[in-house]
Amino acid sequence: NYNNRNVTLVKRVERLMRALYPFKPKYYLNPVTGVLRISYYNVVLGSYVKKKAEQLLKEIDGLQLPMQRAFLRAFFDDEGCMGYRPKEHVRQIRGYQKNLAILDTVNKLLSNFGIASRFKKPNEVVIFGKKNLLLFEKCIGFSKGVKINGHRSNSRWGKHLEKQVLLYRAIASFSK
């Protein structure tokens with residue numbers, strides 16, 4: 001939700017962006033999710049960000065583990081989902097991405113933390129098994145407050161739930 005913590009984060013992002021880009025952004029508040037989107041529109045800025053993203057992808061596996069952890073957490077917060085269906089004994093974390101180079105990088109970075117994963121379907125990386133879910137929780141985790149969309153037509157839960165909470169439930173269900 002859009003609260004004081006988010007206002008502080010938005011201001012910090014604006015300060016960082018002002019060092020690179022002198023123009024003000026446009027703001028869009030999603031009234032349903034409370035997510036505030038900040039958008040900057042400029043061809044030159046887009047080109048710069050694209051080049052930096054390509055550089056990050058090339059260099060991330062050589063960076064220190066805290067940077068790799070931040071990359072993985074951001075990836076799974078955004079592109080990941082927590083698959084937990086207790087009746088079917090499904091407990092897995094899935095990450096989706098059309099860019100296979102990013103998926104390959106995610107797979108390699110996970111192994112740096114001892115987390116085994118595998119490719120499934122053409123554009124998906126999957127983490128499964130109690131040991132790997134525990135390692136993911138300990139080493140990477142989902143950011144607090146990141147929720148699944150309970151309003152989607154195919155929502156299993158029918159309400160917003162934190163990915164972190166679903167991960168805890170999935171891990172706890174192994175001992176039952």
Side-chain angles (χ1 to χ4, degrees), residues 1-83 93-127 135-149 151-152 160 162-164 167:
N1 290 341
Y2 190 64
N3 55 31
N4 288 341
R5 181 174 173 246
N6 292 340
V7 170
T8 303
L9 182 61
V10 166
K11 288 179 181 179
R12 190 178 326 155
V13 168
E14 284 181 334
R15 276 195 309 273
L16 291 170
M17 282 299 295
R18 262 187 250 125
L20 298 171
Y21 187 69
F23 302 102
K24 282 190 130 310
K26 294 189 188 262
Y27 300 94
Y28 304 93
L29 177 63
N30 183 323
V32 176
T33 64
V35 173
L36 179 66
R37 187 177 83 205
I38 306 170
S39 298
Y40 292 86
Y41 297 100
N42 184 293
V43 174
V44 175
L45 180 64
S47 174
Y48 173 81
V49 169
K50 182 178 180 186
K51 192 164 53 174
K52 285 298 189 180
E54 290 167 356
Q55 180 183 355
L56 175 63
L57 203 55
K58 288 177 188 171
E59 297 175 3
I60 188 72
D61 60 344
L63 296 179
Q64 294 180 349
L65 287 180
M67 295 300 290
Q68 293 180 18
R69 175 181 295 114
F71 178 88
L72 287 169
R73 179 176 280 184
F75 173 81
F76 282 101
D77 281 352
D78 187 46
E79 304 290 342
C81 71
M82 184 61 229
I93 300 167
R94 297 182 319 226
Y96 302 94
Q97 178 55 239
K98 288 182 182 178
N99 184 331
L100 296 180
I102 292 175
L103 271 187
D104 189 49
T105 300
V106 166
N107 197 42
K108 287 176 187 171
L109 294 179
L110 286 169
S111 69
N112 291 347
F113 291 91
I115 301 168
S117 61
R118 70 173 182 213
F119 291 107
K120 191 175 179 183
K121 299 182 184 176
N123 301 88
E124 184 178 26
V125 64
V126 181
I127 303 167
L135 280 171
F136 182 89
E137 175 194 20
K138 177 184 174 193
C139 299
I140 311 299
F142 292 109
S143 296
K144 185 166 178 49
V146 174
K147 297 179 181 181
I148 61 165
N149 183 353
H151 296 308
R152 286 179 44 182
H160 299 310
E162 283 193 44
K163 290 180 182 182
Q164 194 177 62
L167 176 59

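When the side-chain hydrogen bond (donor to acceptor under 3.5 Å, both in side chains) test is applied to Glu162, no partner is found at least two apart in sequence or on another chain. In terms of the ring-ring contact (aromatic ring centres under 6.0 Å, His included) criterion, residue partners of Tyr40 (sequence neighbours excluded) are, by chain and number, Tyr21. Under the rule for a side-chain hydrogen bond (donor to acceptor under 3.5 Å, both in side chains), the partners of Gln68 that lie at least two apart in sequence or sit in another chain are Asn112. With sequence neighbours excluded, no residue forms a salt bridge (Lys or Arg N to Asp or Glu O under 4.0 Å) with Glu54. Taking the side-chain hydrogen bond (donor to acceptor under 3.5 Å, both in side chains) definition, one finds that Asp104 meets it with Lys108, sequence neighbours left out. A search for side chain to side chain contact (heavy atoms under 4.5 Å, CB included) contacts involving Ser111 returns nothing, not counting sequence neighbours. Residues passing the side-chain hydrogen bond (donor to acceptor under 3.5 Å, both in side chains) test with Asn123, sequence neighbours excluded: none. Applying the side chain to side chain contact (heavy atoms under 4.5 Å, CB included) criterion to Arg118, with sequence neighbours excluded, gives Phe128.
Within the structure, every pair that satisfies the side-chain hydrogen bond (donor to acceptor under 3.5 Å, both in side chains) test and touches residues 93-102, not counting sequence neighbours, is listed here: Arg94-Tyr96, Arg94-Glu124, Tyr96-Glu124. Applying the ring pair (Phe, Tyr, Trp, His ring centres under 6.0 Å) definition to pairs two or more places apart or across chains, those involving residues 59-83 are Phe76-Phe136. Listed by first then second residue, pairs satisfying salt bridge (Lys or Arg N to Asp or Glu O under 4.0 Å) with a partner in residues 58-70 number zero, not counting sequence neighbours.
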For residues 44-52, which side-chain donor-acceptor pairs fall under 3.5 Å, sequence neighbours excluded?
residue, atom, partner, partner atom, Å
Lys52, NZ, Gln55, OE1, 3.3

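Here the straight-line distance linking atom CD1 of Ile115 with atom CD of Glu137 works out to 11.0 Å at 0.5 Å rounding.
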